[in-house]
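Here is the naming used below: chain letters follow the sequence lines, and residue numbers restart at 1 for every chain. The structure displayed is predicted, hence computed values, not measured ones.
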Amino acid sequence: MAKVITPRTVDYAEWYNDVVLRSGLAEYSAVRGCMIIKPLGYALWENMRAVLDQMFKETGHVNAYFPLFIPKSFLSREAQHVEGFAKECAVVTHHRLKLADDGSGVVVDPDAKLEEELIVRPTSETIIWHTYRDWIQSYRDLPLLINQWANVVRWELRTRPFLRTAEFLWQEGHTAHATRQEAIEEAERMLDVYARFAEEYMAMPVVRGIKTPSERFAGAEETYCIEALMQDGKALQAGTSHFLGQNFAKAFDVTFLDQNNQRQYVWATSWGVSTRLIGALVMTHSDDDGLVLPPRLAPVQVVIVTIPTVEEPQMSHARALAEQLQRAGLRVQVDTDPTKRAGFKFAEYELRGVPVRVAIGIRDIEAGTIEVARRDTKEKRSIPVSSAVEQIQQLLEEIQQNLLDRARRFVESNTHRVESFEEFERTIEECGGFVLAHWDGTAETEAHIKERTKATIRCIPLDSPSEPGRCIVTGKPSVRRVLFARAY
RNA sequence: CGGGGUGUAGCGCAGCCUGGUUAGCGCACCUGCUUUGGGAGCAGGGGGUCGUGUGUUCGAAUCACACCACCCCGACCA
């Protein structure tokens, strides 16, 4: 038992770290708050990226790439934006090192000070809108629908692998539109893309909603979000889409001439998801034996393990089956390594979250069967090798669906409606989860609740029906319930 | 940024309080044999600036001081 994972019931945070580190998704690096994304974690990200990229292209977007560095002066052009990010910026001040006089290594060369400091981008609105000024002259240049896959740096005080790292990988869409309405539609469209991706590929149910003013992105007029519920009852913001109004157009003077030859400021959106989604995936499906990955995103969907014996016809059987599965479009790995025992491999592939494991031993070959084990329920059964491809394909779909159903049931049974502040406090403290309650719409009440319970308004759900009620704190009238939770 | 913790082999740790031969254990690694359908057994072997610096001492992993790094918990944030 070389690799033991702390059970979730003992310490959820420790369990999370164990799963991430021991499954080989990522490890800590020599740089504080920055992680090394290992091949398994990166392959997962590549799969996510491929699907999202396709979805972005289907909705009319194209990719581009903007600089990593942003002149300091750009950041301060939009007042709220700079306020939101100033406290967590990495700053480049010099461009050269030199040998230390005492021979102790290298030091920053004071003569190589930059005239204007450069900020390592925490997000790219400013440099992109500075560029859009040149790209947009006419209504014919709009809409401008651009996405960028990049890394960004936010000097967070407290970091956790995938959930919050000082450097992270993400995509950021930045679009420009001729009308307010069109920009709002874009922001909503991309939120919908994210929600569909979360549910259809990650098998992770999400609540779509809008943020309250105090939780809005720095510089946005409206922030849309998808909120997911983790197994420990805490919420995780899984993606955001912002309607930026004309804030950045005004800050960077981006205007166009409309059909009536009138000069207008451009309307903007930005939207992003990050490697945080990998953390969300872990905390939605995984268990005390390690990762559980949804088949649609799993880097390896099927692993075929041969049970070694002296004579080894298993190998050729395994390779033949792998070939058939690959031809059917599946991602397959074959493990015929005779130096590790079967039990070790079983545990190892479970730890790494492979959805379906096939075992082939001499017994199976004699019986014309294979043993198929599914990761989500740990069930095993023998099936005839003749129908292996169809059955495995079907099983993968079943697993994908089961993960979503299971996660949905979890969210449903951990979403509570409360009518009083007392009930609210008790529910948050004892059950966690999502809490739907009436709120009077003021920042004061929101802050009060946060202070008392550490719960925040995750969003005002888009699909929430209007339902007259009274604020749980002030008793003032409210027209709909909002979604509260303690959050990551 | 506040609080706590930890730095000894790739990983996990013991040793430190009470200084003293060659720094030890488990896992992993290498070799051999036996095993092999749920994390194999035996035998042998390789691997160490004891986080860094300064000090105390005949002698420091061990004592003192300073520093650094990372992790965890909070406040802030994707």
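Separation of the P atoms belonging to U54(B) and C16(B) is 26 Å when rounded to the nearest angstrom. Taking atom C1' on both nucleotides, G51(B) is separated from U62(B) by 16 Å, rounded to a whole Å.
In the interface, the side chain of K380(A) is not paired with the base of G37(B) through any donor and acceptor atom under 3.5 Å apart. In the interface, the side chain of R164(A) is paired with the base of C77(B) through a donor and an acceptor atom under 3.5 Å apart. For R357(A) against G38(B), a side-chain N or O and a base N or O form a donor-acceptor pair under 3.5 Å. Side-chain atoms of E350(A) and base atoms of G38(B) include a donor and an acceptor less than 3.5 Å apart.
A distance-only check finds no donor-acceptor pair linking the side chain of T456(A) to the backbone of R458(A) [under 3.5 Å].
A359(A) comes within contact range of at least one nucleobase, with a heavy-atom separation under 4.0 Å.
Less than 4.0 Å separates RNA chain B from no heavy atom of any residue of residues 277-298 of chain A. For residues 165-173 of chain A, proximity to RNA chain B is found at T165(A), F168(A), defined as any non-hydrogen atom under 4.0 angstrom from a strand atom.
Consecutive Watson-Crick or G-U pairs involving RNA chain B, each under 3.5 Å on both distances, make up stems of three or more pairs at B:1-7 with B:68-74, B:10-13 with B:24-27, B:29-34 with B:40-45, B:51-55 with B:63-67.
Listed candidates were A75(B), A78(B), G39(B). Nearest to the side chain of R276(A) is A78(B).
Checked against the 6.0 Å centroid criterion, the rings of W271(A) and H61(A) qualify as a close aromatic pair.
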